[in-house]
Amino acid sequence: MIINNTQTKTHNYQSFNGKIIDSHTHCGKWINDKFLTNDVLEIFHKRYNNGKDKLEKVIISNLDCIINNHKAQPYKNEIQGNLILLKECLKNDKLIPLVVCQPGFGCVENIELLLKTYPDLIKGLKFHPACLNIPADDIRYIPYMKLAEQYNKPCLFHCEVVSKDNGSIVRGGVSDPKRIYATARQFPKVPVILGHMGLGGEKSHKAGINTLINSIENGDAKLYADLAWVDWANPEKPHVIEAIRRLLNTSKGDKTERLLFGTDAPLGVFGEKALKQPNAYNENIQNIKQAIKNNFGSDADKLISRIFYRNSKNLFKIQLDKKV
């Protein structure tokens, strides 16, 4: 059940009047749609302007560098596509860019050139093994990971556990969290984010959570996860809650700094073109917060502040202007 307006108005909690950083958004071409940075910025001005929570920043990457065209290669190369976004981000400090890397198609020298040119603007690297059709533990990722280590930049990997119609997991998917973990273990100082925390249904998210927790317990990689599409249609947010509960209770202590709010906007129901569900972005935020309230009581405000804002701020070293 989605929280209705009456319920929302009764809350006076600090966490319902907090700052938000969306750690997973996009611009560029996706299938038959083309999204501009302004489509993402609409979230600030229309989609989430309720006078309570405040979207401070969105972390964004260009789909033009991610999705393949009919020739089975990205629409734009590492220089072209990333430069388009970087120039947009220079115009609006609400946009925090990640540069998309194309192992197997591009070369690490392209990304190094961008990092040398925009060392402070670029906050991390983005990889999409599924669109590249190159497994996340392929050796072609290694030069890029070395660069991330050299420049002290986090890496966001599209993370997807492929499952069959019967719910069973298909082993060996190119974006499987175990493959990402295998690469991350080779660079234990580099923060690596499991985008979508496994994506898909129950078994997929549990696989993502298990990999995240295993990395913490083993102490051999610096894995994070974001919540883009996790339980988006379920207001109870069972896998969000499971991830928080397990992160609170690792043998290494509270590790909830490893969880980030994100949506994948403006794709799907979280975009301006999703006319059938115009309040999906707002409701997703409110439902996550309410689920945390319902499950963690007096600790909820602290957890909400971390997941929606502080974790991303700290991980990506984001400086807010003095007016906010």
Side-chain angles (χ1 to χ4, degrees), residues 18-30 33-50 52-66 81-82 84-100 118 120-126 128 153-158 191 193 195-197 224-230 232 259-274 278-286 288-289 304-321 323-324:
K19 298 175 181 178
I20 294 174
I21 295 172
D22 190 331
S23 69
H24 193 146
T25 73
H26 296 289
C27 63
K29 183 176 177 58
W30 185 256
D33 292 319
K34 177 72 175 181
F35 301 104
L36 304 174
T37 52
N38 281 342
D39 293 318
V40 179
L41 291 171
E42 283 295 308
I43 294 171
F44 285 101
H45 304 304
K46 293 181 180 179
R47 193 53 65 87
Y48 206 67
N49 184 22
N50 67 357
K52 296 179 180 179
D53 296 309
K54 183 177 181 182
L55 269 166
E56 298 286 359
K57 307 282 185 182
V58 292
I59 296 168
I60 187 169
S61 58
N62 192 349
L63 294 165
D64 288 344
C65 298
I66 295 175
N82 285 315
I84 289 171
L85 175 59
L86 291 171
K87 290 177 180 178
E88 289 292 311
C89 293
L90 286 171
K91 298 175 186 177
N92 193 315
D93 65 0
K94 297 291 186 184
L95 302 170
I96 306 295
L98 304 183
V99 290
V100 177
Y118 302 98
D120 297 322
L121 181 64
I122 296 170
K123 295 299 185 182
L125 279 55
K126 172 67 184 285
H128 202 300
K153 301 293 183 182
C155 295
L156 170 58
F157 276 76
H158 173 85
I193 305 160
H196 312 289
M197 203 166 75
Y224 291 70
D226 74 39
L227 299 178
W229 292 113
V230 178
W232 74 271
L259 201 59
L260 314 171
F261 170 72
T263 61
D264 217 23
L267 298 180
V269 299
F270 300 123
E272 286 300 314
K273 295 185 179 180
N279 296 316
Y281 195 93
N282 299 11
E283 290 170 345
N284 184 50
I285 291 173
Q286 294 299 312
I288 293 173
K289 289 189 171 187
I304 288 170
S305 178
R306 287 179 181 177
I307 293 165
F308 280 86
Y309 175 66
R310 295 193 179 279
N311 292 349
S312 287
K313 180 178 182 293
N314 293 336
L315 176 60
F316 292 103
K317 300 180 174 63
I318 296 172
Q319 298 294 324
L320 296 180
D321 58 50
K323 297 180 180 180
V324 296

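Atom set for the values below is all heavy atoms of this structure, side chains included, hydrogens, waters and symmetry mates excluded. Numbering starts at 1 and runs along the sequence shown. Remember, it's a predicted structure, so these values are computed and weren't measured experimentally.
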_Could you tell me if the side chain of Q319 sits less than 4.5 Å from the side chain of K313, heavy atoms only?_
no
*Mind running side-chain contact (heavy atoms from CB on, under 4.5 Å) on I318 and I59 for me, showing each step along the way?*
CA-CA 10 Å; I318 296 172; I59 296 168; 4.2 Å; yes
*Spacing of I193 atom CD1 and F157 atom CZ [to the nearest 0.5 Å]*: 10.5 Å
*If we only count heavy atoms from C-beta on, is the F261 to I304 side-chain gap below 4.5 Å?*
no
*Is K34 salt-bridged to D64, cutoff N-O under 4.0 Å?*
yes
*asked:* Please give me the minimum heavy-atom distance between A265 and T263, naming the atom from each residue.
replied: N-OG1, 3.1 Å
*Indicate yes or no: at least one non-hydrogen side-chain atom of I84 is less than 4.5 angstrom from one of N62.*
yes
*Applying side-chain contact (heavy atoms from CB on, under 4.5 Å), run through D39 and L36 and close with a yes or a no.*
CA-CA 5 Å; D39 293 318; L36 304 174; 3.9 Å; yes
_Atom pair CD1/CG of I122 and L86 - distance to nearest 0.5 Å_ = 5.0 Å
*Mark yes or no for whether K123, through its side chain, and K317, through its backbone, hold a donor-acceptor pair below 3.5 Å.*
yes
*Candidates H128, K126, H24 - the one meeting side-chain hydrogen bond (donor to acceptor under 3.5 Å, both in side chains) with H158*: H128
*F316 side chain reached by K57 side chain, heavy atoms, under 4.5 Å*: no
*asked:* Over 60° means perpendicular and under 30° means parallel, so tell me whether W229 and F270 are parallel, tilted or perpendicular.
replied: tilted
*asked:* How long is the straight-line distance from CD1 of I285 back to CG of L55, given to the nearest 0.5 Å?
replied: 5.5 Å
*Contact check, side chains of V99 and L85, non-hydrogen atoms, under 4.5 Å*: no
*Is the closest side-chain donor-acceptor distance between D22 and Y281 under 3.5 Å?*
yes
*Side-chain donor or acceptor of D264 paired with backbone N/O of T25 under 3.5 Å*: no
_With side-chain contact (heavy atoms from CB on, under 4.5 Å) as the criterion, how do V58 and I21 come out once you've worked through the C-alpha distance, each side chain's angles and the decisive distance to 0.1 Å?_
CA-CA 6 Å; V58 292; I21 295 172; over 6 Å; no
*Do the side chains of L63 and L267 get nearer than 4.5 Å, heavy atoms only?*
yes
*CD1 of I20 to NZ of K54: how many Å apart, nearest 0.5 Å?*
12.0 Å
*Quick one: pull up CG in L227 and OG in S23 and give me the separation to the nearest 0.5 Å.*
7.5 Å
*pair D226-L156: side-chain heavy atoms closer than 4.5 Å*: yes
*For residues M197 and L259, report the shortest heavy-atom separation together with the two atoms involved.*
SD-CD1, 4.2 Å
*Are any non-hydrogen side-chain atoms of I66 and H26 less than 4.5 angstrom apart?*
yes
*When rounded to the nearest 0.5 angstrom, what is the spacing between CD in Q286 and CD in E283?*
9.0 Å
_Does I60 form a side-chain contact (heavy atoms from CB on, under 4.5 Å) with E88? I'd like the steps, not just the answer._
CA-CA 11 Å; I60 187 169; E88 289 292 311; over 6 Å; no
